[in-house]
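To start, the structure itself, in structure tokens.
Within every chain, numbering begins at 1; the chains are lettered A, B, ... in the order of the sequence lines, protein sequences first and strands thereafter. As a basis for the values below, the full set of heavy atoms in this structure was taken, side chains included, without hydrogen atoms, waters or symmetry mates. Predicted model only: the values in this text are computed from it and were never measured.
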2 protein chains.
Amino acid sequence: MPAKKALLSDDALQLVARRFAVLGEPMRLRLLRALIEGEKSVGALAAETEGTQANVSRHLQTLAEAGLVGRRKEGLQVFYSIADPSIFDLCELVCGSLNQQTRARARIFA
Amino acid sequence: MPAKKALLSDDALQLVARRFAVLGEPMRLRLLRALIEGEKSVGALAAETEGTQANVSRHLQTLAEAGLVGRRKEGLQVFYSIADPSIFDLCELVCGSLNQQTRARARIFA
DNA sequence: CAAGTAAATGCGTATATGCTCAAATAATAA
DNA sequence: TTATTATTTGAGCATATACGCATTTACTTG
């Protein structure tokens, strides 16, 4: 099947917006960044991101509901891990775009 | 230069989050979708998206500040247009991911 | 100049969401 | 059972922002 370029329906658009919104919080991106190294417990993530345990737990729940991370319970701990690798492609695209914008802006003063 | 896979700094991450947040509003995605066909005036966009003129104007300003759309004034009208085509790659990626999630979910009941 | 039109903006309101603290769950160990 | 530890969740607060209404600004035309 060739790449479809059909316009998004309003319903699809709503879902896409939701995903972007989930990725639109710095703390959640920090959590995803920390999870690149592999699955980690809530406590470890809280320590690494310097967030409170409660807040980190809530953000992880948001990410899990969006299907971006997976949850695995082991004893007292809960381990989260990246469930959707497309996240990184997304971030790469955005970074590339931001970089290009910055270069373009720089050229104005060159 | 080969693709760099370096982790994002906290500062970069903040910018990335901001871009995602800008794309995280359904109305703004609707505006971008409408702009695929080419540049349009605020009034035309308000009519097409069924939003008020004031609200559409504000969202367009947000998109412009993020560098996603360009602004061109002509007489009484202001025409906006897509300035960053990477938006569509982003949406495609998200759609693909959402599709895959849906399929995976469907398989559970199959 | 005044009138008319398109867009932007000030302001108030409603809602969403991020955050903290404290309490409740859940699982393990003594 | 009781105590301990990791996580989740309830409640409240603060802030951000989407929206509508009314007004202002910018531009064109008579």
Side-chain angles (χ1 to χ4, degrees), chain A residues 10 13-35 38-83, chain B residues 10 13-35 38-83:
Chain A
D10 279 9
L13 196 141
Q14 202 85 15
L15 292 174
V16 173
R18 176 59 191 162
R19 164 141 313 184
F20 280 133
V22 168
L23 293 172
E25 283 302 309
M27 176 57 94
R28 286 197 281 270
L29 288 187
R30 286 223 293 276
L31 290 169
L32 291 172
R33 182 181 59 183
L35 286 174
E39 71 169 10
K40 292 178 182 171
S41 70
V42 177
L45 288 167
E48 184 170 344
T49 61
E50 298 177 40
T52 66
Q53 179 263 5
N55 198 32
V56 165
S57 173
R58 279 215 165 76
H59 280 304
L60 288 169
Q61 188 176 351
T62 300
L63 289 168
E65 278 168 4
L68 297 177
V69 301
R71 223 184 91 107
R72 184 177 67 84
K73 197 163 188 176
E74 181 182 316
L76 278 178
Q77 292 175 304
V78 176
F79 291 91
Y80 285 88
S81 57
I82 304 277
Chain B
D10 279 9
L13 196 140
Q14 203 84 14
L15 292 174
V16 173
R18 175 59 190 161
R19 164 140 316 183
F20 280 133
V22 168
L23 293 172
E25 282 304 308
M27 177 55 98
R28 285 197 281 269
L29 288 188
R30 285 224 292 277
L31 290 169
L32 291 172
R33 182 182 57 182
L35 287 173
E39 72 170 9
K40 293 179 182 172
S41 70
V42 176
L45 288 167
E48 185 170 344
T49 62
E50 298 177 41
T52 65
Q53 179 267 343
N55 198 33
V56 165
S57 173
R58 280 212 165 78
H59 280 303
L60 288 169
Q61 188 176 349
T62 301
L63 289 168
E65 278 167 4
L68 297 177
V69 301
R71 224 184 88 107
R72 184 177 67 84
K73 198 163 188 175
E74 181 182 316
L76 278 178
Q77 292 174 305
V78 175
F79 291 91
Y80 286 88
S81 57
I82 305 277

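- Partners of A/A66 under the side chain to side chain contact (heavy atoms under 4.5 Å, CB included) rule, at least two apart in sequence or in another chain, are A/V22, A/L68.
- Sorted by residue number, the members of residues 15-30 of chain B with any non-hydrogen atom under 4.0 Å from DNA chain D read B/R18, B/E25, B/R28.
- The two residues A/G67 and A/A83 come nearest to each other via the heavy atoms O-CB, 3.8 Å.
- Put simply, CG on B/L31 and CD1 on B/I82 are 9.5 Å apart, with the number rounded to the nearest 0.5 Å.
- Each side chain to side chain donor-acceptor pair (under 3.5 Å) pair with one or both residues in residues 22-35 of chain B, not counting sequence neighbours, appears once here: A/D10-B/R33, B/R28-B/H59.
- A salt bridge (charged side-chain N to carboxylate O under 4.0 Å, His left out) check over residues 64-82 of chain B, counting only residues at least two apart or in different chains, returns the pairs B/E39-B/R72, B/R72-B/E74.
- In the region residues 40-59 of chain B, proximity to DNA chain D at under 4.0 angstrom, judged on heavy atoms, holds for B/T52, B/A54, B/N55, B/R58, B/H59.
- Of all nucleotides in DNA chain D, those with any atom nearer than 4.0 Å to a heavy atom of chain A start and finish, going 5' to 3', at D/dT5 to D/dA11.
- Taking the side chain to side chain contact (heavy atoms under 4.5 Å, CB included) definition, one finds that A/L15 meets it with B/L98, sequence neighbours left out.
- Among residue pairs with one or both ends in residues 46-64 of chain B, those qualifying as salt bridge (charged side-chain N to carboxylate O under 4.0 Å, His left out) are B/K40-B/E48; sequence neighbours excluded.
- Taken residue by residue, residues 63-70 of chain A places no heavy atom nearer than 4.0 Å to DNA chain C.
- With sequence neighbours left out, the side chain to side chain contact (heavy atoms under 4.5 Å, CB included) criterion links A/A17 to B/P26, B/L29.
- Among the protein residues, A/Y80 comes within range of the sugar-phosphate backbone only, with heavy atoms under 4.0 Å from sugar or phosphate atoms but none that close to a base.
- Closest non-hydrogen pair, B/Y80 versus B/L35, comes out as O-CD2, 3.2 Å.
- The CE atom of B/M27 lies 12.0 Å from the CG atom of B/L32; values are rounded to the nearest 0.5 Å.
- Along DNA chain C, the stretch of nucleotides lying under 4.0 Å from any heavy atom of chain A spans, 5' to 3', C/dT17 to C/dT28.
- Nearest heavy-atom pair, B/V69 versus B/L60, reported as atom, atom and distance to 0.1 Å: CG2-O, 3.9 Å.
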